[in-house]
Amino acid sequence: MALSGTALRIAIGVTAGLCFVSYGYGQGDIGGLMVMPTFQQYFPQIAGLTVQTGRIVGITVGIWNLGCFVGAMILVLVGNTMGRKGAIITGLLIMLAGKIIQTSTFGFAQYLAGRFIAGFGNGWIVSTVPAWQAECLKSHRRGTLLMVSFGSCITAGLAIAYWVVYALSWAQPSPASWRVPVGLAVVPILLALSLIVWMPESPRYLILSGRQEEAKKVLSALNEISPEDENVRREFLMIKKTLLTMTSASFVEAFKQGRHRYLQRTVLAVVLQVMQQFTGINLFMQYLGSMFLNQLRYKPELALLLAACCATEFFIASIIAVIGIDRFWTRRTLTMFGATGMCISTIVLCVMAWLNTQRSYYVMTAFLFAFNSFFAIGWQGMAWLWAVELTPLPIRGPANALSTAANWLANFIVVLCTPILFLTTEYRTYIVFAATNLCIVPIIYFLYPETGARSLEEVDLIFSAASERGNAWFSAVHTARQKDLPWPASDHAGDHPSETYESEKDATNSSSEKSKAALLRHNDADRWADYRRTHAHSDPSSSSEPDTTPSQLNSFDHNTTAVLTTAPNQSNRSSVYGINRTEVLPPSPGSSAASPPPDILGAARARGSEFPGPHNRAGTMSPLPGIFPDRRRRRG
């Protein structure tokens, strides 16, 4: 590939950003178009302020969200057969077709079909781009990247859409005043398409599909080193180990409680996404122009200008969360702050709408800006980030699919119902969203533990310890506040429930000086290689990929996955999803390459960790003391 190293990573970030800009533009253009008299004349079905018109307006806006939901759900079924790049390209092409249909429309039904098709393609994009981007970049950057993608890039696209509609509104009564803004949505789509074809496939997907040599080439390009370099091989093996964990559970595991509270964590992720939409944000953003026009009685041109300014302020406020997350504020602080601010804003909006005076309209204008600011800071990207952190690796796929579906459905319900609510209940509609935001605060406070600055294994320990305490739904928050996380009690002999776990670094301070030196490393692959070099003997097979044929390979214990057996005369590439388990788990010191490797990953899985910790199930030191130190400061 032509690009490598930093240039390639920047190109990947730009491509992902363009995909999300197209998402924001597609979501925001309708908010300005609904205000334009020329658009209303061409589509008289949405003109007027009757209940019947309100239903049609809700369907017109909401059908895009419905298309996103359908697209995301279909991708769950076919995504793994197409790959990350294939799914993104397909989604962009479908979205491009939808925008062309809308731009060239000659009737209302065609316009609705175009919005549904564009939303269908966007569902593919939103479900795939974050995974592709994260799998191509370093793990400690993933949290910030997710906040930028779902926060700043989407809001930037939305602001651009409002400004384009405002700029073209001066071309009225020409049909170009609304056709050109819709058609300009193809610009970020075409730019993203022109870049994605040159971008690499996700190395994680390549390994999952058995294309291991291609994966090594991509890793070498991303790191700007030779495919035969030892660092590439280390990272390659670490990805394999993670994939073994992620493929060890089925969809139904997300609905089982178990020791690590899988069901509870799935429910928390789903409810979090529903709460994001029930704050009422898409009422304020997708109907922003209509609110300034119909409720605050501004002229159409001024209503469009204020809507564009409000969307721009929305974008600027989203940057605050990107800068402050994990530096100044926690997830719980930001979400409760945002919900409280939105609750106060909607109460003020309700009172001012009830007063119904010119001065009250000015106050409402200010608090429309304030509402969007509170959401951008507390919820815009936070719901997506926190939902990922709450779900463990084995059920992350199905849990994320369920939470994404819940988000789109809640979005559809809000934009479908609010026009009717405003026409029938008027200012009382604000009471509904004041109540939902008020309820969000205690739900976050009592049920959602803080996961910021916590490693994946520490999050597992939070829910395991909460399960031992009893009433785990509420005790998880209290457990997460503890600096020292207690090991959960176990019926296995030799466990030490009285021991505490603060961090991998603290737990290994008493290890050897060599283990302490390993704490300074920030790359998991480097620590894995240190382990292999430290425990290597004269046997050269311990420092290279084993090519011997094991007679039986115990990949996990009976609580995680079945034993993988291979007859001596069978291929030495015993694998699941193209993963050679003999490469992932190296031979233990003093053993031959043909002996079953130590169940390192099984020990980690047994205590609910992503990586092995200082103690194994027997309470003794694991084979990897100090190899995986504290990961809290590089959370992603």
Side-chain angles (χ1 to χ4, degrees), residues 1-29 68 71-72 84-96 99 118-119 121-164 184-202 218 221-222 285 311-323 325 376 379-385 388 404 636:
M1 55 192 69
L3 297 177
S4 62
T6 302
L8 179 58
R9 293 192 292 271
I10 291 175
I12 291 173
V14 171
T15 305
L18 286 170
C19 290
F20 282 103
V21 167
S22 66
Y23 167 20
Y25 193 102
Q27 190 176 41
D29 61 356
C68 293
R84 306 287 190 260
K85 266 186 67 175
I88 295 171
I89 293 173
T90 303
L92 288 170
L93 289 174
I94 295 173
M95 194 173 185
L96 179 64
K99 287 300 179 182
N122 185 70
W124 285 50
I125 295 170
V126 175
S127 300
T128 309
V129 170
W132 172 70
Q133 184 183 18
E135 290 168 4
C136 290
L137 300 177
K138 298 298 182 183
S139 60
H140 65 279
R141 299 181 184 272
R142 291 173 189 170
T144 302
L145 288 172
L146 196 61
M147 292 292 291
V148 170
S149 297
F150 279 102
S152 300
C153 289
I154 294 177
T155 55
L158 192 143
I160 292 171
Y162 272 105
W163 280 114
V164 169
L184 285 177
V186 305
V187 174
I189 298 174
L190 291 175
L191 289 174
L193 276 172
S194 64
L195 290 176
I196 188 65
V197 294
W198 303 103
M199 295 298 104
E201 178 59 275
S202 159
V218 172
L222 290 169
M285 292 314 303
T312 304
E313 181 265 345
F314 187 43
F315 162 67
I316 295 173
S318 68
I319 301 176
I320 298 175
V322 175
I323 297 173
I325 186 66
W379 283 87
Q380 174 62 27
M382 186 63 67
W384 301 92
L385 173 62
V388 170
T404 301

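Index from 1, following the sequence.
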Note: C136 and E201 closest approach over all heavy atoms is SG-O, 4.4 Å
To the nearest 0.5 Å, atom CG of L193 lies from atom CD1 of I88 at 10.5 Å
So, for L158 and M285, which heavy atoms are closest and what is the spacing to 0.1 Å?
CD2-CE, 3.1 Å
Could you grab the distance from atom SG of C68 to atom OH of Y23, nearest 0.5 Å is fine?
6.5 Å
Verify, without hydrogens or angle tests, whether W124 (side chain) and I89 (backbone) share a donor-acceptor contact under 3.5 angstrom.
no
Rounded distance (nearest 0.5 Å) linking atom CG of L385 with atom CD of Q380
12.5 Å
V187 side chain reached by Y25 side chain, heavy atoms, under 4.5 Å
no
One should read off an interatomic distance between R84 CZ and I196 CD1, to the nearest 0.5 angstrom, of 12.0 Å
Checking side chain to side chain contact (heavy atoms under 4.5 Å, CB included) for the pair T15/W132: CA distance, chi angles, key distance, verdict?
CA-CA 11 Å; T15 305; W132 172 70; 4.2 Å; yes
With sequence neighbours excluded, give me every side-chain hydrogen bond (donor to acceptor under 3.5 Å, both in side chains) pair touching residues 154-163.
T155-S318, W163-T312
Heavy-atom donor-acceptor pair, R9 side chain to L222 backbone, under 3.5 Å
yes
Indicate the atoms forming the closest heavy-atom contact of V322 with S152, along with that distance.
CG2-OG, 3.8 Å
List the atom of T404, the atom of S127, and the distance in Å for their closest heavy-atom pair.
CG2-OG, 4.4 Å
So which of L96, V21, L93 actually passes side chain to side chain contact (heavy atoms under 4.5 Å, CB included) with I189?
L96
Just do the side chain to side chain contact (heavy atoms under 4.5 Å, CB included) check on V148 and Q133 with the steps written out, would you?
CA-CA 12 Å; V148 170; Q133 184 183 18; over 6 Å; no
Roughly how far apart are S22 OG and L92 CG, rounded to 0.5 Å?
6.0 Å
d(I154 CD1, F314 CZ) to nearest 0.5 Å is 9.0 Å
Considering non-hydrogen atoms only, spot the tightest contact between A185 and P188 and give its length.
O-CD, 3.3 Å
Specify the closest pair of heavy atoms between P130 and F20, including all atoms of both residues, with the distance to one decimal.
CG-CZ, 3.6 Å
